[in-house]
**Student:** 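So that we are looking at the same thing, I have put the structure below in structure tokens.
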Amino acid sequence: METPQDSAMIALLPQTDEWCKIDPAHTTIVYLGKVAELDPSLKDLLIKIVSSIAILTNPFPVKIVGKETFGEDQVEVFRLVKTPELSSLRTLLDNWDDSEFPIFKPHATIGPEGTVVENPPLFLMFDRIMLGWGEERLIFWFRRF
């Protein structure tokens, strides 16, 4: 069975995470695949790309439009509006996506099926981007206004 420590991804990190039961709270932009199957030089290239994206991106809000259960693992997620910012980031990074799901459905994972959020937020404010490479998390802050 694959675990997050076996895989790589590029994700956005929200300012707050009190609603989330996993670590880190995130919205995956692209799933890169299993680390063992990736060329190690890809990590260096993606660090350059992700850090460049961070330098050029301001923090931005995304509206939550509902709660759903996703995937074989049956995880609870907040569905997010597909904003121009999310769509642009996905387009920039889409060449590296190795997800089994061909359609990008922006969401923030809350936790396992049945996870209750007492006071769900209306929006998530994204202010960082992360390259997750196995257990390593390389986090870059978006520029400030």
Side-chain angles (χ1 to χ4, degrees), residues 1-38 42-43 45-47 49-145:
M1 182 176 144
E2 184 177 343
T3 67
Q5 294 76 25
D6 298 334
S7 61
M9 70 171 168
I10 298 173
L12 299 177
L13 304 181
Q15 286 181 340
T16 62
D17 66 358
E18 67 277 352
W19 48 268
C20 187
K21 306 303 179 212
I22 62 165
D23 182 40
H26 69 280
T27 293
T28 302
I29 299 299
V30 291
Y31 170 77
L32 302 164
K34 294 181 181 179
V35 171
E37 297 171 3
L38 296 171
L42 177 61
K43 179 180 169 188
L45 173 62
L46 290 173
I47 288 170
I49 291 169
V50 170
S51 64
S52 295
I53 288 170
I55 289 168
L56 299 171
T57 306
N58 288 320
F60 61 93
V62 178
K63 184 174 177 41
I64 295 171
V65 292
K67 184 178 173 186
E68 290 184 36
T69 305
F70 271 18
E72 289 178 15
D73 297 336
Q74 295 290 290
V75 295
E76 300 290 342
V77 302
F78 286 135
R79 282 295 305 271
L80 304 174
V81 170
K82 196 173 189 179
T83 64
E85 294 90 349
L86 290 175
S87 295
S88 295
L89 289 169
R90 174 62 180 217
T91 299
L92 279 170
L93 299 165
D94 199 38
N95 288 341
W96 292 283
D97 187 48
D98 191 36
S99 173
E100 62 187 75
F101 305 105
I103 298 173
F104 179 51
K105 294 182 180 178
H107 63 279
T109 305
I110 301 169
E113 184 177 21
T115 300
V116 176
V117 179
E118 295 293 331
N119 296 305
L122 299 175
F123 290 84
L124 295 180
M125 177 64 82
F126 293 104
D127 61 354
R128 293 160 288 156
I129 189 167
M130 176 185 78
L131 171 59
W133 193 271
E135 292 186 17
E136 189 174 4
R137 297 175 184 167
L138 301 159
I139 299 171
F140 302 90
W141 288 88
F142 289 158
R143 72 178 184 174
R144 299 295 183 207
F145 301 100

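Worth saying up front: this structure is predicted, and the values here are computed from it rather than measured.
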**Student:** Is there a donor-acceptor pair closer than 3.5 Å between any side-chain N or O of E76 and the backbone N or O of G111?
**Tutor:**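 Not at all, since once roles are kept as given, no pair shorter than 3.5 Å links the two residues.
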
**Student:** Tell me every residue that passes side-chain contact (heavy atoms from CB on, under 4.5 Å) with L45, counting only those two or more places apart in sequence or in another chain.
**Tutor:**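 Checked L45 against side-chain contact (heavy atoms from CB on, under 4.5 Å); matches are L42, I49, W96.
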
**Student:** Hey, what do you get for NE2 (H26) to CE (M130), rounding to the nearest 0.5 Å?
**Tutor:**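 Spacing of NE2 (H26) from CE (M130) equals 6.5 Å.
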
**Student:** What heavy-atom pair brings S7 and Y31 nearest, and what distance separates the two atoms?
**Tutor:**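 That would be CB-CE1, 3.5 Å.
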
**Student:** I need the minimum non-hydrogen distance between P59 and M125, along with the two atoms involved.
**Tutor:**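 Of all heavy-atom pairs spanning P59 and M125, the closest is C-SD, 4.0 Å.
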
**Student:** Tell me every residue that passes side-chain contact (heavy atoms from CB on, under 4.5 Å) with V30, counting only those two or more places apart in sequence or in another chain.
**Tutor:**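 Residues passing side-chain contact (heavy atoms from CB on, under 4.5 Å) with V30: I10, L32, R90, L93, D97.
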
**Student:** Less than 4.5 Å apart, side chain to side chain, heavy atoms only: is that true for D94 and I29?
**Tutor:**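 Sidechains of I29 and D94: no contact.
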
**Student:** Output the distance between atom CG (L46) and atom OG (S52), rounded to the nearest 0.5 Å.
**Tutor:**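 So the CG of L46 and the OG of S52 are separated by 11.0 Å.
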
**Student:** I need the L13 CG to I129 CD1 distance, nearest 0.5 Å.
**Tutor:**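 Result: 8.5 Å between the selected atoms.
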
**Student:** Do F140 and I55 come within less than 4.5 Å of each other through their side chains, counting heavy atoms only?
**Tutor:**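 They are not in contact (no side-chain heavy atoms under 4.5 Å apart), so the answer is no.
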
**Student:** Kindly indicate whether the side chain of N58, heavy atoms from C-beta on, has any atom under 4.5 Å from the side chain of R143.
**Tutor:**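 They are in contact (side-chain heavy atoms under 4.5 Å apart), so the answer is yes.
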
**Student:** Could you pull out the closest heavy-atom pair between P14 and F126, with the gap in Å?
**Tutor:**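 What the structure gives for the nearest pair is N-CD2, 3.7 Å.
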
**Student:** How close do R137 and D23 get, heavy atom to heavy atom, and via which atoms?
**Tutor:**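 Minimum heavy-atom contact is NH2-O, 3.1 Å.
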
**Student:** Could you pull out all residues at least two apart from D98 that satisfy salt bridge (charged side-chain N to carboxylate O under 4.0 Å, His left out)?
**Tutor:**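 In terms of salt bridge (charged side-chain N to carboxylate O under 4.0 Å, His left out), with neighbours along the sequence ignored, D98 is linked to no residue.
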
**Student:** For a quick test of reading the model, state the closest non-hydrogen atom pair linking V62 to F60 and the distance between them.
**Tutor:**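 For V62 and F60, the tightest heavy-atom pair comes out as CG2-CE1, 3.6 Å.
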
**Student:** Is the shortest side-chain heavy-atom distance between V50 and L138 below 4.5 Å?
**Tutor:**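 Counting from C-beta outward, V50 and L138 never come under 4.5 Å.
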
**Student:** Return the OG1 to CE distance between T28 and M9, rounded to the nearest 0.5 Å.
**Tutor:**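 One finds 4.5 Å between OG1 of T28 and CE of M9.
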
**Student:** Kindly give the heavy-atom pair with the smallest separation between V35 and G134, and that separation in Å.
**Tutor:**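 That closest heavy-atom pairing would be CG2-N, 3.3 Å.
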
**Student:** Are any of the side-chain heavy atoms of L80 and L124 separated by less than 4.5 Å?
**Tutor:**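 With C-beta onward as the side chain, the pair touches.
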
**Student:** Taking T115 for its side chain and P112 for its backbone only, find out whether a donor-acceptor pair lies under 3.5 Å.
**Tutor:**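 Yes; at least one donor-acceptor contact below 3.5 Å.
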
**Student:** Using atom types as modelled and distance alone, determine if a side-chain donor or acceptor of R128 lies under 3.5 Å from a backbone N or O of F142.
**Tutor:**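 No; zero donor-acceptor contacts below 3.5 Å.
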
**Student:** Has the side chain of T69 got a donor or acceptor atom that lies under 3.5 Å from a matching backbone atom of V75?
**Tutor:**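 No; zero donor-acceptor contacts below 3.5 Å.
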
**Student:** Any heavy-atom pair between the side chains of L89 and F104 that's under 4.5 Å?
**Tutor:**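 No, side chains not in contact.
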
**Student:** Indicate yes or no: at least one non-hydrogen side-chain atom of D17 is less than 4.5 angstrom from one of P24.
**Tutor:**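 Side-chain contact under 4.5 Å: no.
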
**Student:** What is the distance from atom CG of L92 to atom OG of S87, rounded to the nearest 0.5 Å?
**Tutor:**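 Result: 11.0 Å between the selected atoms.
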
**Student:** With the threshold set at 4.0 Å, does a side-chain nitrogen-carboxylate oxygen contact exist between E136 and K43?
**Tutor:**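 Looking at K43 together with E136, the answer is yes, because their closest N to O distance falls below 4.0 Å.
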
**Student:** Cation-pi between K67 and F78: NZ/CZ under 6.0 Å from ring centre and within 45° of the ring axis?
**Tutor:**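 Geometry flag: not set, cation outside 6.0 Å or 45°.
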
